Amino acid sequence: MSAANSTSDTNTDDSSNRHLNFIEQEIEKDFQLPKLMGKHLSTRFPPEPNGYLHIGHAKSICLNFGLAQKYHGTCNLRFDDTNPSKEEQEYVDSIQNDVHWLGFDWDGLYYASDYFDQLYQWAIDLIKVGKAFVCDLTGDQIREYRGTLTAPGKDSPYRDRSIEENLELFERMKQGQFPDGSRTLRAKIDMSAPNINLRDPVMYRVLRAHHHRTGDKWCIYPMYDWAHGQSDSIEGITHSICTLEFEDHRPLYNWFCENLGIFHPRQIEFARLNLSYTVMSKRKLLQLVKENHVRGWDDPRMPTISGLRRRGYTAESIRSFCDRIGVAKFYSTIDVTVLENSVREHLNQVANRVMVVLRPLKIVLTNYPEGKVEWMEATNNPEDAGAGSRQVPFSRELWIEREDFMEEAPKKFFRLKPGGEVRLRYAYIIKCEEIVKDPETGEITELRCIYDPDTRSGSGPAAERKVKGTIHWVSAQEGVQAEVRLYDRLFLNEDPENAAEGGSFLDNLNPESLEVVTAHCEPALAKAVAGERFQFERLGYFCADEKDFSPQRLVFNRTVGLRDSWTKIQAKDG
RNA sequence: UGCCGGGUGGUGUAAUGGUAACACUACUGAUUUUGGUUCAGUCAUUCAUGGUUCGAGUCCAUGCCCGGUAGCCA
């Protein structure tokens, strides 16, 4: 496979060589075997185009494409489009877009539907050797005949039809002579098998639905089990990596390959990703979208790739997240903070700093000349010397963050308080002299402060005077306004599925997962571009919304807050 | 209750019969014009019982607990 960003190529090799995960161990063993000796690794990522990709898929993508990178093999993208009633072109497009955005490129782009003709031929082959039959049982009857977990099933009365009759009936199924759901083609295996997947599984069902690629050519469609392994086989996939719930299907996967006598890939299963405070099932994500609990698949609160992207996550941070969570067979739940820390770590390196006040409180510097504006030099990114600096306007009237002032402050509160001093970042030390309140409500409307003219940042030793706290600010006159969307977790509950009797995961929805505020920003932000990411100093990481941002209407999304030890101190001191 | 799979610090992941480690979290301290970052340090782990062995997280047995599985979904 070719990596979209080639820098990760060499990294992958030595960083992940320290420990092999269990799949890598199996792969390395397999390539010692005569069957694969001298061949190269081939994997695939096989999404069904019935929804948008989410962070769980990202794990699988990083695994499959990452393996191909590491072992200099190939990785295909294959759409598992065997059920046209659920699948749409919109999803096909978004999936390709998301895989690319994550930084991967596929070697082959395929569709299970590319193989419908071959699959049909193979089905005939199986009929001819007496290993498949046309069954007239209804859905309910099939379930009845299948038996239960503890009781064996019983043979379908149609199981012993002649090969000729099966061939004719199957041909007529294909030609659309039978109504939807009236007949199936089933493999003839063993109705008493302890593994239910082996109790004469359905291979084809009659289904008249318009397929996004094959149109109305087919009115019979293959089931997953009948399509997946053979698709792998056709593409020469050596290792077919899937999630744990397919473990019970492996014997069937193997049975089809063996009985068809075709190249036999090896299926290996791993545990899917679970994240705390998150739902991951496509069905539930679709429900959130359809019932308007969120604003679409790419709502920044969604765990979809497109939602995370819009939230401000970087592809790098998602890849490093997938790296650090590992791969195993143990069913585990990763704390969302691991994801949040991954993006903090990357954005800390690359995001330029700016000053923005989310909840403004006005301060007036009574000893600062009216009308005067000074331009203060501010470092763009202390983690990246190459990022340079910018000028920020300073004046007599400023906005500061409401929570950076406390009238009755506890000892450890290092910000502004009556009679106290604080450093305005990149500017002067100020002292609070007077609080102005609304006579009606008692709400603080303004602070009157004095500044110390000797303390301008960078102006020499006199300016170096130490005060306990430094806060951010925006000049009232020169600042610009922006809509800032403060996103929080979509669910209140660590395990959203854990709802009260008769309830659903929707009961755990966080009613405050989105708060919109009008913020004051330093003027540089008017020149931002959609998708650009920033650190709002002392607040968190934010990005210009990729859809709604324009120079006329500044819209920023909060990706994640900065680590906040002040809240912890407060909580501890009660 | 059949079949399949799994149990290692708070959370994840290693250790492939030979000193139980790495990351994150938590906590403590240092640095800091972001209560951010960075740095240093601390706490903390093999489901249970028995067996094999000089030596067991690893192999064997039994038990316990957890997950998946009875779509003409994937």
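None of the values given here were measured: they were computed from a predicted structure. A, B, ... follow the sequence lines: proteins, then strands. Residue 1 opens every chain.
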Can you check the [X] [atom1] to [N] [atom2] distance for me, whole Å?
X: A/H19; N: B/U13; atom1: NE2; atom2: P; value: 13 Å
X: A/D335; N: B/A23; atom1: CG; atom2: P; value: 18 Å
X: A/Y277; N: B/U25; atom1: OH; atom2: C1'; value: 14 Å
X: A/I268; N: B/G5; atom1: CD1; atom2: P; value: 14 Å
X: A/N341; N: B/U11; atom1: CG; atom2: C1'; value: 12 Å
X: A/F330; N: B/G12; atom1: CZ; atom2: P; value: 6 Å
X: A/K59; N: B/G12; atom1: NZ; atom2: P; value: 11 Å
X: A/L286; N: B/A74; atom1: CG; atom2: P; value: 16 Å

At under 4.0 Å, does any side-chain N or O of A/N21 touch on OP1 or OP2 of B/U13? no

Residue-phosphate contact under 4.0 Å: A/K572 side-chain N/O, B/U28 OP1/OP2: yes

Working to the nearest 0.5 angstrom, can you tell me the gap between [X] [atom1] and [Y] [atom2]?
X: A/D180; Y: A/R208; atom1: CG; atom2: CZ; answer: 5.0 Å
X: A/R324; Y: A/I334; atom1: CZ; atom2: CD1; answer: 11.0 Å
X: A/Q267; Y: A/C242; atom1: CD; atom2: SG; answer: 3.5 Å
X: A/N50; Y: A/S85; atom1: CG; atom2: OG; answer: 9.5 Å

[N] and [M]: how far apart are their [atom1] atoms, nearest whole angstrom?
N: B/U46; M: B/C22; atom1: C1'; answer: 16 Å
N: B/A20; M: B/G68; atom1: P; answer: 35 Å
N: B/C24; M: B/C60; atom1: P; answer: 35 Å
N: B/C39; M: B/U53; atom1: C1'; answer: 46 Å
N: B/A26; M: B/U58; atom1: P; answer: 33 Å
N: B/A14; M: B/A23; atom1: P; answer: 15 Å
N: B/G17; M: B/A56; atom1: P; answer: 14 Å
N: B/G6; M: B/U13; atom1: P; answer: 13 Å

Paired stretches of RNA chain B - 3 or more consecutive Watson-Crick or G-U pairs, each distance under 3.5 Å: B:2-7 with B:64-69, B:10-13 with B:21-24, B:26-30 with B:38-42, B:47-51 with B:59-63

Which is it for B/G71, anti or syn, if anything within 90° of zero counts as syn? syn

Using a heavy-atom cut-off of under 4.0 Å over every strand shown, decide if A/T333 touches base, sugar-phosphate, or nothing. sugar-phosphate

For a quick check, with a 4.0 angstrom heavy-atom cut-off, what is the B/S/- contact string for nucleotides 68-73 of chain B, read 5' to 3'? BBBSBS

Quick one: what's the B/S/- string for nucleotides 29-48 of chain B, heavy-atom cutoff under 4.0 Å, read 5' to 3'? ----BBBBS-----------

Check this for me: A/K431, atom NZ, are more than 12 non-hydrogen atoms of other residues, nucleotides or ligands nearer than 6.0 Å? no

Sole candidate of A/M355, A/R390, A/R456 that passes side chain to side chain contact (heavy atoms under 4.5 Å, CB included) when paired with A/M376: A/R456

Pair [X], [Y]: side-chain N/O donor-acceptor within cut-off below 3.5 Å:
X: A/H228; Y: A/R44; result: yes
X: A/D80; Y: A/Y111; result: no
X: A/T138; Y: A/D140; result: no

Is A/W226 close to A/L119 at the side-chain level, that is, under 4.5 Å between some pair of heavy atoms? yes

Taking the inter-plane angle between the rings of A/H249 and A/F246 on a 0 to 90° scale, is it parallel (under 30°), tilted (30 to 60°) or perpendicular (over 60°)? perpendicular

Check the angle between the aromatic planes of A/Y221 and A/H211 and answer parallel, tilted or perpendicular using the 30° and 60° thresholds. parallel

Backbone of A/W297 reached by a side-chain donor or acceptor of A/T304 within 3.5 Å: yes

